[in-house]
Amino acid sequence: MSQGNRRLDLEEVNGVTVARFTDKKILDESNIQIIGNQLFSLVDDDHRQKVVLDFTNVEYLSSAALGKLITMDKKVKAAGAKLRLCSIRSDIKEVFKITRLDKLFNIFDNRDKALEGF
Amino acid sequence: MSTIEDVTREFEQIIPSDTAAGQSVQERIIQMLEELRFEDRDVFGIRLAMEEALVNAIKHGNQMDPTKTVRIACQIGQQRVRIEIEDQGSGFHPEDLPDPTADENLERPCGRGIMLMRAFMTSITFNPTGNCVVMTKDRSEPEPETPAGESA
């Protein structure tokens with residue numbers, strides 16, 4: 001990764017890239033920018049076809065972070081790739097529900113369920 | 001504008017148009033809420049609403065102009081929190097914002113901040129110019145204790 005510290009822990013599981021956010025808080029403009037760029041790089045540079053975003057560590061995220069996820073979703077679709085989200089704690093799941101983004105994203109309770117049949 | 005009875009913590013702070021300064025004010029308020037043992041979900045909602053309001057003030061209100069500042073006034077009582085955030089921008093009309101949950105707007109990357117503030121706070125009021133927001137949050141009832149051995 002080129003931009004500063006790695007903000008995603010990557011793991012390959014049977015052809016699926018599991019990207020786990022390392023930050024507890026996906027807040028603050030510069031932070032979100034870096035995380036966004038590292039996310040986009042998975043599709044733009046590495047051409048990964050199946051990506052699971054693992055939110056296990058994430059305690060907070062803001063609407064600006066949601067914006068990056070939406071852009072990621074668009075990039076994934078444009079590349080003919082697939083994206084799943086997993087392990088989102090209940091407070092943050094509420095954020096997805098309120099914004100109706102739970103309709104846009106495929107959200108799974110945990111990593112195993114996200115990997116199942118992917 | 002709503003008022004707070006039995007204020008136990010109170011401060012006013014002027015910060016530059018810099019999101020890092022906004023983060024440090026957030027931390028100050030969160031620490032006070034934790035000292036007063038507000039519920040985790042209240043702290044989550046207040047932090048999220050503050051983040052959205054401060055980003056709006058710094059980026060959209062003051063346009064990151066280093067000559068402009070943001071004023072934050074915070075009062076915390078036993079039952080209610082009141083946070084006022086004022087920028088030096090020209091303001092806006094929140095009623096003019098498109099509904100971010102409409103099908104045609106669902107894939108737009110921006111425009112969800114005010115909605116999240118409304119969802120997680122008890123009340124949100126803008127002044128007529130739209131450069132000052134007052135947010136209040138009433139303390140939630142404590143969650144019932146989960147018996148030992150059972151998962152939540």
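In what follows, chains are A, B, ... by sequence order, proteins preceding strands, each numbered from 1. The model shown is predicted, which means the values in this text are computed figures rather than measured ones.
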Next on the checklist: Counting only non-hydrogen atoms closer than 4.5 Å, does A:Ile92 touch chain B with its backbone (N, CA, C, O), its side chain (CB onward), both, or neither?
Outcome noted: both

Checklist entry - Which pair of non-hydrogen atoms, one from B:Leu54 and one from B:Gly22, has the smallest distance, and what is that distance? => result CD1-O, 3.6 Å

Checklist entry - Taking all atoms of both residues into account, what is the closest heavy-atom pair of B:Ala21 and B:Pro16, and its distance? => result CB-CD, 4.0 Å

Checklist entry - Can A:Val58 be reached from B:Val55 by stepping across I, L, V, M, F, W or Y side chains whose heavy atoms are under 4.5 Å apart? => result no

Checklist entry - Any idea which heavy atoms bring B:Gly89 and B:Asp87 closest together, and the distance? => result N-OD1, 2.8 Å

Item to check | Heavy-atom contact with chain A under 4.5 Å, split by part of B:Ala49 | outcome: neither

Interface of chain B and chain A, donor-acceptor atom pairs under 3.5 Å:
| unit_1 | atom_1 | unit_2 | atom_2 | d |
| --- | --- | --- | --- | --- |
| B:Thr19 | OG1 | A:Asp28 | OD1 | 3.0 |
| B:Glu27 | OE2 | A:Lys25 | NZ | 3.3 |
| B:Glu51 | OE2 | A:Asp28 | N | 3.3 |
| B:Glu52 | OE1 | A:Ser63 | OG | 2.6 |
| B:Glu52 | OE2 | A:Ser63 | N | 2.6 |
| B:Glu52 | OE2 | A:Ser63 | OG | 3.2 |
| B:Lys59 | NZ | A:Glu29 | OE2 | 3.3 |
| B:Thr101 | O | A:Arg100 | NH1 | 2.5 |
| B:Asp103 | OD1 | A:Arg100 | NH1 | 3.1 |
| B:Asp103 | OD1 | A:Arg100 | NH2 | 3.2 |
| B:Glu107 | O | A:Lys74 | NZ | 2.8 |

Next on the checklist: I want to check something: taking the side chain as every heavy atom from C-beta on, are B:Phe11 and B:Ile76 in contact at a cut-off of under 4.5 Å?
Outcome noted: no

Checklist entry - Do the side-chain N and O atoms of B:Ser123 and B:Thr136 include a donor-acceptor pair separated by under 3.5 angstrom? => result yes

Next on the checklist: Less than 4.5 Å to any heavy atom of chain A: does that hold for the side chain of B:Leu116, its backbone, both, or neither?
Outcome noted: side chain

Checklist entry - Under 6.0 Å from the CD atom of B:Glu141, do we count more than 12 heavy atoms belonging to anything else shown? => result no

